[in-house]
Amino acid sequence: MDITQRTLLTVEELAKRWGFKPQTIREMEKDGKILRVKNISGVRFSLHDVLLIEQDLNPLSPSERKRLELEIKNKDNEITKLKNIISRLIVPLGEYIAQYS
């Protein structure tokens, strides 16, 4: 069954969803930041609770967040390229200005 169709998530599934290590999820549970579903074998977390936490932490959906993170990465790469172009223009431009000043 696909994770989007389920109402309970394992530690590993939640860790993958949030980009954490499973140990971090266990620590969050220990600290009371997320509560496990009672009376079920194994550790499971309610998808409903997970979605509420995600809304509080970040109002963006996981896919929108990934899209924006990729856009930021692309913009950072573009900024780096432009800085390189500018740095290559500064010396010749300085020489030109010095020559005609």
Side-chain angles (χ1 to χ4, degrees):
M1 184 181 298
D2 188 329
I3 193 171
T4 59
Q5 299 171 334
R6 297 183 38 215
T7 58
L8 298 176
L9 303 175
T10 66
V11 170
E12 290 75 18
E13 290 168 337
L14 184 54
K16 183 177 179 182
R17 179 183 180 99
W18 285 352
F20 294 155
K21 294 179 180 179
Q23 182 59 34
T24 303
I25 300 299
R26 290 183 192 95
E27 290 170 6
M28 290 176 72
E29 180 194 5
K30 182 179 176 185
D31 294 341
K33 294 178 182 173
I34 186 165
L35 301 175
R36 75 167 64 184
V37 176
K38 302 285 184 185
N39 300 324
I40 293 181
S41 64
V43 178
R44 300 285 188 274
F45 301 100
S46 161
L47 181 58
H48 175 75
D49 290 347
V50 168
L51 292 172
L52 289 176
I53 291 170
E54 288 175 352
Q55 269 188 326
D56 287 344
L57 296 177
N58 186 354
L60 301 175
S61 70
S63 61
E64 179 66 4
R65 181 179 179 163
K66 285 181 183 179
R67 185 191 70 76
L68 290 172
E69 287 172 347
L70 179 61
E71 186 175 331
I72 289 169
K73 183 178 178 182
N74 290 337
K75 295 296 181 188
D76 286 343
N77 290 337
E78 188 176 339
I79 288 169
T80 299
K81 288 178 186 177
L82 290 171
K83 284 181 178 179
N84 288 335
I85 290 169
I86 290 170
S87 67
R88 288 192 307 247
L89 292 174
I90 287 176
V91 172
L93 184 58
E95 291 171 354
Y96 179 82
I97 291 171
Q99 183 179 6
Y100 292 103
S101 299

Identify all side-chain donor-acceptor contacts of residues 37-44 below 3.5 Å with residues at least two apart in sequence or on another chain.
none

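Other residues sharing a hydrophobic cluster with Ile90 under the 4.5 Å side-chain heavy-atom criterion for ILVMFWY residues are Ile86. Clustering of Ile, Leu, Val, Met, Phe, Trp and Tyr side chains at separations under 4.5 Å leaves Ile72 isolated, with no partner residue. Taking Ile, Leu, Val, Met, Phe, Trp and Tyr as hydrophobic and joining them when side-chain heavy atoms fall under 4.5 Å apart, one finds Val91 isolated, its cluster having no other members.
Nearest heavy atoms, Lys21 versus Ala15: C-CB, 3.8 Å.
Asn74 CG to Glu69 CD: the interatomic distance, rounded to the nearest 0.5 Å, is 12.0 Å. One distance of note links CD of Glu29 with CZ of Arg26; it measures 9.5 Å at 0.5 Å rounding. In this structure, NZ on Lys75 lies 13.0 Å from OG1 on Thr80, to the nearest 0.5 angstrom. Between the CG atom of Leu89 and the CG atom of Asn84 there is a distance of 11.0 Å, given to the nearest 0.5 Å.
Using cut-offs of 30° and 60° on the angle between ring planes, the pair Phe20 and Trp18 is perpendicular.
Checked against Leu14 for a side-chain contact (heavy atoms from CB on, under 4.5 Å), the options Thr24, Leu47, Leu8, Ile25 give a single hit: Ile25.
In this structure the side chain of Phe45 never reaches within 4.5 angstrom of the side chain of Glu13, judged on heavy atoms.
Under the rule for a salt bridge (charged side-chain N to carboxylate O under 4.0 Å, His left out), the partners of Arg67 that lie at least two apart in sequence or sit in another chain are Glu64, Glu71. In terms of the salt bridge (charged side-chain N to carboxylate O under 4.0 Å, His left out) criterion, Glu27 has no residue partners (sequence neighbours excluded).
Criterion: ILVMFWY side-chain heavy atoms under 4.5 Å apart, direct or through other members. Under it, Leu35 and Leu52 are not part of a common hydrophobic cluster.
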